[in-house]
Amino acid sequence: MKEFLSDRINSLAVSQTLAMAAKARELKNEGKDVIGLSLGEPDFNTPDYIKEAAVNAINQDYNSYTPVDGYVDLKNAIITKFKRDNNLTYELSQIVVSTGAKQSLSNIAASLINPGDEVILPCPYWVSYSDIVGLNGGVTIEVKTDISNDFKMTAKDLESAITPKTKMLWFSSPCNPSGSVYSKEELRELADVLVRYPNVYILSDEIYEHINFCGGHFSIAEFEDMYERTITVNGVSKAFAMTGWRIGYIGAPAWIARACNKMQGQVTSGANCIAQRAVITALEESPSKITYMVDEFKVRRDLILNLLNNIEGFNCNTPDGAFYVFPDISYFFGKVIDGYLINNASDMSLFLLDRALVATVTGDAFGDPNCIRISYAASQEQLIEAVNRIKKLLS
Ligand code: PMP
Ligand code: GLU
């Protein structure tokens, strides 16, 4: 029978982070010694105090459908977290809990974007932003940045991308994939542009908030003049090593939260009951309970940067957060190595997988064709071995 897929699904790209992880898994299953540095997923276990809360919830018979926008006590824990960590004040009507921050992003796009609306994405951006926007009829406007300015968008860059059709700006800080963190001053410069364009909304993705090595996280919604137009997205996947539990959330103006609630009510309903109970504990406990993971990520960041900087042609910024390095490898373009022509970052990423058995992700997936992304959410031994293999192959 002929396959009749919709134009929508046909025009959607496969998530390249997930595709590369699947490819690496396949090779591993074939018995190949692949080092997977493609997926942004902590290699720690979920902390015991959070697991215990989940076990208690099962024993207490939490098994029914949950409220679409989340349990009230979880929403209260999120409100307390926003106040404690971000100095942001939200009410219950402004919080929506979802099945991962990815669903939060999708709800926001579906709720705010009309066909033809423009969404500004500073490059590099997280892989799924462009497809989630596109799926909802939005047009992405990429703003190029590069290693010379630590992959950060300036006020001037932002202003030149704004048109009468601009609906939103989407960005992450700490950034996946560059690890860049916008300071309060840098965000103020962007906000000074945005105050002149009152119809432009901001999606501030802060899922790497706690994985921050520069000591300061600032939320753009903390500026009074940005609060009413900002949707702050967060989740527990990264900092709490809870990727598979699938809980994300937003703090937003009530009318946007209402719209996300309506969308979610038709598409998936409320998020998983046990996971929500566990996240109450995750958020209520002090963030100091997870600093052992952040400290380890910092050690690994320093390790991998040192190692990569010893490879000719790898040009790295110093990431201040998240757990990725995003080296510019354009030095290799046009070169033949070991009989293999490297024309672009995808070629390099495939070459490293084929010949060094190291899985990375091409920068094209993040809107930057000069770079590759390497996740250092892996053991120090694996990182040393991976970079040794890369170095040997390229020299
Ligand atoms: N935003 C960014 C920047 C991410 O790296 C991820 C990672 N998956 C997400 C959102 C989605 O996170 P999740 O759906 O696991 O909460
Ligand atoms: N966010 C992670 C990454 O960037 C997980 C994969 C995904 O959700 O796409 O690799």
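Note: hydrogens, waters and symmetry copies are ignored here, and every other heavy atom, side chains too, is used.
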Donor-acceptor check, side chain of [X] to backbone of [Y], threshold 3.5 angstrom: yes or no?
X: Thr80; Y: Asn76; value: yes
X: Ser180; Y: Asp150; value: yes
X: Gln103; Y: Gln264; value: no
X: Glu186; Y: Ser183; value: yes
X: Ser349; Y: Ala345; value: no
X: Thr291; Y: Ser288; value: yes
X: Lys238; Y: Ile207; value: no

Within the 6.0 Å centroid threshold, strictly below: [X] and [Y]:
X: Phe218; Y: Tyr182; result: no
X: Tyr227; Y: Tyr90; result: yes
X: Tyr201; Y: Trp255; result: yes

Say you draw a straight line from CZ of Arg301 to CZ of Phe213; how long is it, rounded to the nearest 0.5 Å? 6.0 Å
Please determine whether side chain to side chain contact (heavy atoms under 4.5 Å, CB included) holds for the pair Ile384 and Leu303, giving the CA-CA distance in whole Å, both sets of side-chain angles, and the decisive distance to 0.1 Å. CA-CA 8 Å; Ile384 293 168; Leu303 172 73; 4.0 Å; yes
Please determine whether the number of non-hydrogen atoms from other residues, nucleotides or ligands lying under 6.0 Å from atom [atom1] of [X] exceeds 12.
X: Arg8; atom1: CZ; value: no
X: Tyr292; atom1: OH; value: yes
X: Glu91; atom1: CD; value: no
X: Asn10; atom1: CG; value: yes
X: Gln60; atom1: CD; value: yes
X: Glu30; atom1: CD; value: yes
X: Leu5; atom1: CG; value: yes

Going by atom types only, do [X] and [Y] share a side-chain donor-acceptor pair under 3.5 Å?
X: Arg229; Y: Asn199; answer: no
X: Thr243; Y: Ser237; answer: no
X: Thr154; Y: Asp157; answer: yes
X: Tyr129; Y: Asp205; answer: yes
X: Glu118; Y: Thr163; answer: yes
X: Thr230; Y: Ser204; answer: no
X: Tyr197; Y: Glu159; answer: yes
X: Glu206; Y: Ser219; answer: yes
X: Asn114; Y: Lys167; answer: no

Answer whether the closest heavy-atom distance between the side chains of [X] and [Y] falls below 4.5 Å.
X: Tyr376; Y: Gln382; result: no
X: Cys260; Y: Ile250; result: yes
X: Leu74; Y: Thr66; result: no
X: Ser98; Y: Asn107; result: yes
X: Leu121; Y: Ser130; result: yes

Heavy-atom pair with the smallest gap, counting every atom of [X] and [Y]:
X: Asn317; Y: Ile147; value: N-CD1, 3.4 Å
X: Val336; Y: Leu341; value: CG2-CD1, 3.9 Å
X: Ser38; Y: Met20; value: CB-CG, 3.7 Å
X: Pro369; Y: Phe333; value: O-CZ, 3.5 Å
X: Ile247; Y: Ala271; value: CD1-CB, 3.7 Å
X: Ala241; Y: Thr46; value: O-OG1, 2.7 Å

Result of checking Val96, Ile95, Asp73 against Ile78 for side chain to side chain contact (heavy atoms under 4.5 Å, CB included): Ile95
Shared ILVMFWY cluster between [X] and [Y], side chains joined below 4.5 angstrom?
X: Ile141; Y: Phe151; result: no
X: Tyr208; Y: Leu305; result: yes
X: Met168; Y: Phe171; result: no
X: Ile58; Y: Tyr62; result: yes
X: Leu187; Y: Leu203; result: no

Taking the six-membered ring of [Y] as reference, does the NZ or CZ atom of [X] fall below 6.0 Å from its centre and within a 45° cone about the axis?
X: Lys335; Y: Tyr331; answer: yes
X: Arg188; Y: Phe223; answer: yes
X: Arg277; Y: Tyr71; answer: yes

Between [Y] and [X], does any NZ, NE, NH1 or NH2 come within less than 4.0 Å of an OD or OE carboxylate oxygen?
X: Lys165; Y: Asp117; value: no
X: Lys51; Y: Asp48; value: yes
X: Glu209; Y: Lys81; value: yes
X: Lys152; Y: Asp320; value: no
X: Asp33; Y: Arg389; value: yes

Report the C-alpha distance between Lys144 and Glu142 in whole Å, list the side-chain angles of each, state the deciding distance to 0.1 Å, and finish with yes or no for salt bridge (charged side-chain N to carboxylate O under 4.0 Å, His left out). CA-CA 6 Å; Lys144 299 289 175 203; Glu142 298 191 351; 3.1 Å; yes
Specify whether Phe297 and Phe323 have parallel, tilted or perpendicular ring planes, treating 30° as the upper limit for parallel and 60° as the lower limit for perpendicular. tilted
Given Arg373, which of Thr362, Thr17, Asn176, Thr360 fulfils the side chain to side chain donor-acceptor pair (under 3.5 Å) condition? Asn176
Side chain to side chain contact (heavy atoms under 4.5 Å, CB included) between Phe366 and Cys371, worked out: CA-CA 9 Å; Phe366 309 94; Cys371 299; over 6 Å; no
Show your reasoning for whether side chain to side chain contact (heavy atoms under 4.5 Å, CB included) applies to Thr89 and Lys83. CA-CA 6 Å; Thr89 305; Lys83 190 78 209 158; 2.9 Å; yes
Chi angles and distances behind the side chain to side chain contact (heavy atoms under 4.5 Å, CB included) call for Asn212, Val181: CA-CA 8 Å; Asn212 178 316; Val181 175; 4.0 Å; yes
